[in-house]
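Data first, discussion second: the structure below is written as structure tokens.
Whatever order the structure lists them in is the order used to number ligands and atoms, beginning at 1. Given the structure is predicted, the values throughout are model-derived calculations rather than measurements.
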Amino acid sequence: MEDIKKNLDMIRGEIAETAQQCGRSADDVLLVAVSKTRTPEEINVAIDAGVTDIGENKVQEIMDKFDAVKPVKWHMIGHLQTNKVKYIIDKVSMIHSVDSYKLAAEIDKRAGAKGITMDILLQVNSAQEESKFGITTAETEELIHEILENCENIRLRGLMCVAPFAEDPEDIKVYFDEVKKQYDQFAGIEHPHLDFKYLSMGMSHDFKVAIEAGSNLVRVGSAIFGARDYSKK
Ligand SMILES: *Cc1c(COP(=O)(O)O)cnc(C)c1O
């Protein structure tokens with residue numbers, strides 16, 4: 001557990017250094033600590049070390065840990081089934097993984113029932129990998145328009161991308177570049193339900209390349225909490 005704080009210091013240092021090399025400031029990049037498979041105790045160590053934002057990829061894990069973890073912003077970063085939106089709508093501060101109008105409409109309905117506006121990102125699968133969720137860059141614009149026309153209780157805050165794994169992360173920079181280009185098309189627009197501020201790209205092994213490509217939100221798990229051991233679950 002003492003490693004969590006040490007790892008965090010290291011990751012923060014690397015984020016700051018990379019941002020500065022690109023002429024940006026360290027504050028420009030939000031660190032979301034991804035705590036899937038981790039215990040509330042481990043998450044609280046990270047919060048005590050200054051983590052403000054936690055990411056989970058499963059609804060069940062958010063529900064299980066929510067009350068046991070100190071106050072923090074929760075991010076839903078994994079594939080979300082429509083029938084599970086109701087369990088997290090009043091727990092998370094942002095949903096990164098919106099990849100269909102059907103899901104957006106359900107989020108809109110549930111947010112409306114709670115009297116809140118939900119911040120969402122659209123998940124773009126710019127590499128068009130079959131194994132990954134997300135819309136293609138070509139579909140993004142249409143989905144944005146559909147959401148803006150129909151959803152009163154959603155605010156579109158940006159785009160999210162999970163790049164394919166590559167031994168050398170430089171090899172996948174093109175996929176980040178493509179999403180950044182699309183992000184920039186919407187970033188200046190003023191609209192009550194569209195206010196692009198987050199480009200969520202980069203994980204433990206590729207966050208430096210993602211920041212170089214323009215990411216301002218990185219989702220880092222194993223580099224903070226250590227390698228995940230799924231056999232324990
Ligand atoms: C697990 C996960 C991460 C973090 O991955 P690490 O390689 O552990 O940093 C980031 N984003 C998503 C969507 C994830 O599911």
Side-chain angles (χ1 to χ4, degrees), residues 3-15 18 29-39 42-43 45-46 49 51-65 72-81 84 88 92-100 103 119-135 157-173 175-176 179 183 198-213 215-233:
D3 284 346
I4 294 175
K5 190 173 176 326
K6 230 192 303 170
N7 293 343
L8 263 170
D9 287 343
M10 201 181 68
I11 295 293
R12 285 202 189 100
E14 288 177 11
I15 290 172
T18 311
V29 182
L30 176 64
L31 171 63
V32 173
V34 177
S35 55
K36 59 196 191 202
T37 76
R38 299 299 169 176
T39 63
E42 289 171 299
I43 301 172
V45 170
V51 162
T52 55
D53 293 75
I54 290 288
E56 287 281 354
N57 70 334
K58 291 207 170 79
V59 166
Q60 191 62 48
E61 286 200 61
I62 294 174
M63 292 169 69
D64 288 347
K65 298 174 197 175
V72 71
K73 287 188 188 140
W74 292 82
H75 295 248
M76 176 59 189
I77 62 172
H79 181 63
L80 179 57
Q81 286 172 284
K84 293 193 175 161
I88 57 159
V92 301
S93 65
M94 191 153 77
I95 299 172
H96 293 222
S97 43
V98 177
D99 60 358
S100 71
L103 177 57
D119 280 352
I120 67 164
L121 307 180
L122 300 184
Q123 181 171 354
V124 181
N125 178 359
S126 57
Q128 303 200 22
E129 280 183 291
E130 299 239 351
S131 60
K132 288 217 172 70
F133 294 102
I135 50 177
R157 300 311 306 270
L159 304 177
M160 179 266 217
C161 168
V162 181
F165 178 81
E167 220 41 76
D168 179 0
E170 285 293 334
D171 294 345
I172 46 145
K173 189 156 180 285
Y175 301 121
F176 291 143
V179 182
Y183 176 85
Y198 298 108
L199 182 54
S200 169
M201 307 193 298
M203 311 176 19
S204 292
H205 76 284
D206 60 10
F207 71 86
K208 287 185 200 168
V209 168
I211 292 170
E212 285 164 12
S215 164
N216 60 20
L217 187 163
V218 293
R219 310 175 309 270
V220 180
S222 44
I224 295 172
F225 294 104
R228 283 179 291 276
D229 181 2
Y230 287 103
S231 65
K232 280 194 298 195
K233 295 228 93 182

* **Candidate pair Asp9 and Lys6, rule salt bridge (Lys or Arg N to Asp or Glu O under 4.0 Å), full reasoning** => CA-CA 5 Å; Asp9 287 343; Lys6 230 192 303 170; over 6 Å; no
* Taking it one step at a time, do Gln60 and Asp64 satisfy side chain to side chain donor-acceptor pair (under 3.5 Å)? -> CA-CA 6 Å; Gln60 191 62 48; Asp64 288 347; 3.0 Å; yes
Tell me which donor-acceptor pairs under 3.5 Å the side chains of residues 161-172 have, and how far apart each pair is, sequence neighbours excluded?
| from | atom 1 | to | atom 2 | distance (Å) |
| --- | --- | --- | --- | --- |
| Asp168 | OD1 | Glu170 | N | 3.0 |

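Lys58 contributes no side-chain N or O that, together with a main-chain N or O of Thr37, makes up a donor-acceptor pair within less than 3.5 Å. Panel note: side chain Ser204, backbone Ala223; a donor-acceptor pair is recorded below 3.5 Å.
Side-chain contact check for His96 versus His75: some heavy-atom pair is nearer than 4.5 Å.
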Give every pair formed by an N or O atom of ligand 1 and a protein N or O atom closer than 3.5 Å, one pair per line with both atom names and the distance to 0.1 Å, or write none.
| from | atom 1 | to | atom 2 | distance (Å) |
| --- | --- | --- | --- | --- |
| ligand 1 | 8 (O) | Ser222 | N | 2.8 |
| ligand 1 | 8 (O) | Ser222 | OG | 2.9 |
| ligand 1 | 8 (O) | Arg228 | NH1 | 2.7 |
| ligand 1 | 8 (O) | Arg228 | NH2 | 3.1 |
| ligand 1 | 9 (O) | Ser204 | N | 2.9 |
| ligand 1 | 9 (O) | Ser204 | OG | 2.5 |
| ligand 1 | 9 (O) | Gly221 | N | 2.8 |
| ligand 1 | 11 (N) | Arg219 | NE | 2.9 |
| ligand 1 | 15 (O) | Lys36 | NZ | 2.7 |

